[in-house]
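Start at 1 and go down the list; that is how both ligands and their atoms are numbered. Predicted model, so just to flag it, every value in this text is computed and none were measured.
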Amino acid sequence: MKLSPMMQQYMDIHEEYPDSILFFRLGDFYEMFFDDAILVSRLLELTLTGKACGLEEKAPMCGIPFHAADTYIVKLVEMGYKVAVCEQLEDPAHTKGMVKRGVIRVVTPGTVTSEAVLNERENNYLAAAYLDQNGMSVTYCDISTGELCTTEKRYGSALYEDMLNELVRISPKEILISQSLADAHDEKKMGNLTGGYIRVLPDSYFSENAARDAVRAQFGSVSLTALGLDGRDCCLLSLGTLLAFLLETQMQDLKQITECRFYEIGSAMALDRSTIRNLEITETLYEKKKQGSLLGVLDRTRTAMGARLMKQMLREPLNDAAAINRRLDAVEALVNDPLTRNDLTEALKQVYDFERLAGRIASGNANGKDMIALRNSVRVLPEVKACLSGLPGELLSTLARDMEDLHEVQEMITRAIVEEPPMTVKEGGIIRPGYSKELDELELSIRDAKTWIAGLEAQEKERTGISHLKVGFNKVFGYYIEVSRSNLDMVPDNYIRKQTLVGGERFVTPELKETEGLVLNSEAKINQLEYDLFTELRGKIQEFIGPIQRTSRAIAMTDVLNAFAAVSDRLNYNRPVVNDGMEIVIDKGRHPVIEQMTEDGMFVSNDTRMNDKDSSMLIITGPNMSGKSTYMRQTALIVLMAQVGCFVPAERAEIGVVDRIFTRIGASDNLAQGQSTFFVEMSELAYILRNAKERSLIILDEIGRGTSTYDGLSIAWAAVEYLCCRERHIRTLFATHYHELTVLEEKLEGVRNLSVDVSEENGDIIFLHRIVAGSASRSYGIHVAKLAGVPLVLLENARSKLARLEEESRTEEVRDAMTDEAAGEKKPREQQMSLFTETINPAVERLKNLDLMNLTPSQAIRELEDLQELIREQ
Ligand code: ADP
């Protein structure tokens, strides 16, 4: 038996894309067969059917309607599959025999372009990463906007880490690496660390010749020097791979990519993935929502381009004081001029996502509506420019200058396209009258005919006396005169029967047939001409892609700065002083997100003072839930906001530029990957200690919790000494439940104790959320347990155990050990064991400790009630 010709065609095409799922177009469906069908039906929960294929058994098959394909493709792509989209290359209606088919595009996570699924407020990056012993490079691109950037680093001691950090910052959806890199470093781990889908390609992609070919294919005669890549051999390899992969998957010219921007690593603050997540910069830690994150508070952007840029900027704060201050100058100018800000906001609201419009124009996917959207956006540019040029500040003037005039584009579109064009570009109705003489003449030539047809119904009704007579049109039969059954006897002789219906008959007349021929013929010509005129216009506008992209970048930045100003004004933020010093001074700082969630005026502001000398290590003790971690995060966020160029939630702030922020906070969800909490905690600590430099800022929220007390305390203690010693003073905020650490304030220069103030009223404890100097007197853990609803009997038991522990002065022992380093391990473990094996009756203990002389009668009654309850619970 032999495969049917169509199935043979399927097999032949699939053979060319063996690693992809083939979406094979059959009429209104994309079908999958054999293994692809079995796999996809399982993954997407589609019904698996069968199709006769010439073999004994039917071929397994599943399909999806073509108009819904985008969502299915994206689901598969997100699971890491490649999808090859195979279309009919001929119109089946006009083809005899088998329709020609071919793959027109391969979709992968980093190359999704469908508007329906791209998040307009987020970039969709594809990256390529290269590493060898001499250097590393990373290139990334968003094909929906045409942004292409590359960087490299040579001769470092931690090139792999540098590469990972860069990838984390970019946060690509897909990362291309070579087989050798995958062999040398666990690709799965790379995926976990960067959050991108790792695609391993043969080493041949990363060769110099292949790279040069790909760069030439994209940029033509433009030399590497002109691209700013002369001598950047490392860059060339990742850039070439990325371009080659794009050309292979997109199968068309990438006209939206007009330039390649080289940037230096280190010009932005490097934030690792766990810090971005822990500080909830762009989304919340657990629910992954924008609301509740820093971005959620700051994102008042009015354009999709601005929204994308803001997200990117928050992930890469600057570390050059001069550049930061340029942004702050711009924000200040906008804060000080609410009227202009208002005008600017109104103008920006009218700007469409013309960065992605430009992408669609370049790739030939734009329709008439896109053109009108581009025109409308361009039309407000003079307003935006006028707003900016009236304001002081170098950055704002640069942005105004970068916005090109583009009035030529505006005029071209206005002249050519009707105000409300249809979605499709092939069915006419898109070109404005007066634009093309030829088109107008064609329209005119059928105007009389169309008028005649329009008047035919009334005319024939009158002539024949048939009241139920209708003139209509359908695609199969063309124009017809429909007469209902009851009037058929009145039909005149010149009517020719064409079609019989249930309720009547359809006719034509020779005259109608002739006129129809004229109209349809001319309409086909008109549609074709309109299409040609439209593509010609699109081609002309393609020449402006570069200026359009430059303008859209300037618009995006303007939008972000304007949003910073709006938020700063509304939420009472102030301009920070940013300099190259080492001080971090914050007066009355607030946590930007928690402040918004707290009732008006109830957020307690706090001060921070740190430097690299006498207060580099702030050890914060205090009860759980009192506000330690809020305080530490707020300090980190204020630093981050300042270095992004935004005002900060503080009365005053002076920030000595921080090169990196590191955080070690809470349990990480790596637990799901089978690593213990303690192991994760230690890996994170190791990473921080190895990478932190003198300008870094470290947030440690509990260290050593996941192991036994002495183990944990020793590690925490050693970590403090490591970060705060003669050789280095790295600015660190360290919240800990190890009160013992607070003695280090006297021992080590740089250590400062802070605690959260607590007030006690009638035995109840109130957290004041106020940070004060000095260490906390107690941990109040039992109080917090009570708040959480732990049973009374347990609380009492815990209380008496605590009393015993304190009596036996174990903490004192530890303190002794800490002040006298020579004192090694004593006998604490045995003691610990004996404490835990002894059983104490809490009711008895409580009774024993009652101070009868100081008890009022009502307190005595309450005590009795409690005691009774305790005994009943036992
Ligand atoms: P800790 O780290 O000490 O366990 P958190 O910082 O998580 O405590 O704070 C617990 C809760 O207390 C926060 O979710 C917030 O609701 C509240 N809180 C913390 N700091 C403040 C503050 N400065 N003003 C008002 N409420 C605060």
Side-chain angles (χ1 to χ4, degrees), residues 274-275 277-281 284-287 289 291-294 296-297 571-573 586-609 618-639 641 648-653 661 663-668 677 681 684 698-706 712 716 732-739 741-742 753-760 764-790:
S274 73
T275 299
R277 288 175 21 175
N278 282 332
L279 291 179
E280 305 191 298
I281 293 173
T284 55
L285 192 52
Y286 295 109
E287 286 174 327
K289 293 236 170 71
Q291 171 124 23
S293 69
L294 180 63
V297 175
L571 303 180
N572 203 12
Y573 293 175
I586 299 169
D587 289 348
K588 294 208 162 60
R590 285 123 48 203
H591 188 297
V593 180
I594 298 191
E595 169 183 48
Q596 294 308 310
M597 296 174 175
T598 318
E599 243 177 85
D600 261 2
M602 294 305 282
F603 189 88
V604 180
S605 58
N606 278 303
D607 299 345
T608 309
R609 293 216 161 357
L618 306 185
I619 294 183
I620 310 159
T621 46
N624 281 326
M625 292 298 289
S626 61
K628 300 184 296 297
S629 91
T630 305
Y631 175 70
M632 295 195 298
R633 285 161 195 252
Q634 113 186 2
T635 305
L637 287 175
I638 288 174
V639 167
M641 287 167 76
V648 296
E651 225 170 72
R652 188 182 84 90
I661 299 176
T663 56
R664 198 349 280 152
I665 296 177
S668 158
T677 327
E681 188 183 318
E684 289 184 3
I698 304 176
I699 307 288
L700 300 175
D701 199 349
E702 299 289 3
I703 282 289
R705 272 219 138 154
T732 306
L733 289 142
F734 186 0
T736 181
H737 68 293
Y738 293 123
H739 284 248
L741 291 180
T742 55
N753 288 335
L754 296 178
S755 58
V756 199
D757 211 4
V758 166
S759 107
E760 288 191 57
D764 266 335
I765 287 153
I766 300 166
F767 294 160
L768 299 174
H769 303 309
R770 198 169 57 219
I771 303 287
V772 292
S775 61
S777 51
R778 292 160 46 192
S779 77
Y780 300 98
I782 296 175
H783 170 76
V784 174
K786 183 176 164 195
L787 285 182
V790 170

Stepwise side-chain contact (heavy atoms from CB on, under 4.5 Å) test for Glu702 and Glu681:
CA-CA 9 Å; Glu702 299 289 3; Glu681 188 183 318; over 6 Å; no
Please test Thr630 against His769 for side-chain contact (heavy atoms from CB on, under 4.5 Å), starting from the C-alpha separation and ending with a verdict.
CA-CA 9 Å; Thr630 305; His769 303 309; over 6 Å; no
Output all residues satisfying ring-ring contact (aromatic ring centres under 6.0 Å, His included) with Phe603, sequence neighbours left out; order by chain, then residue number.
none
If you look at every heavy atom in Thr621 and Ala776, which pair is closest and at what distance?
OG1-N, 3.0 Å
Tell me whether Asp587 is salt-bridged to Arg609, with the criterion being a basic N under 4.0 Å from an acidic carboxylate O.
yes
Near ligand 1, at a heavy-atom separation below 4.0 Å: residues by chain and residue number:
Met602, Phe603, Val604, Pro623, Asn624, Met625, Ser626, Gly627, Lys628, Ser629, Thr630, His769
Spacing of CD belonging to Glu684 relative to OG1 belonging to Thr275, to within rounding of 0.5 Å:
8.5 Å
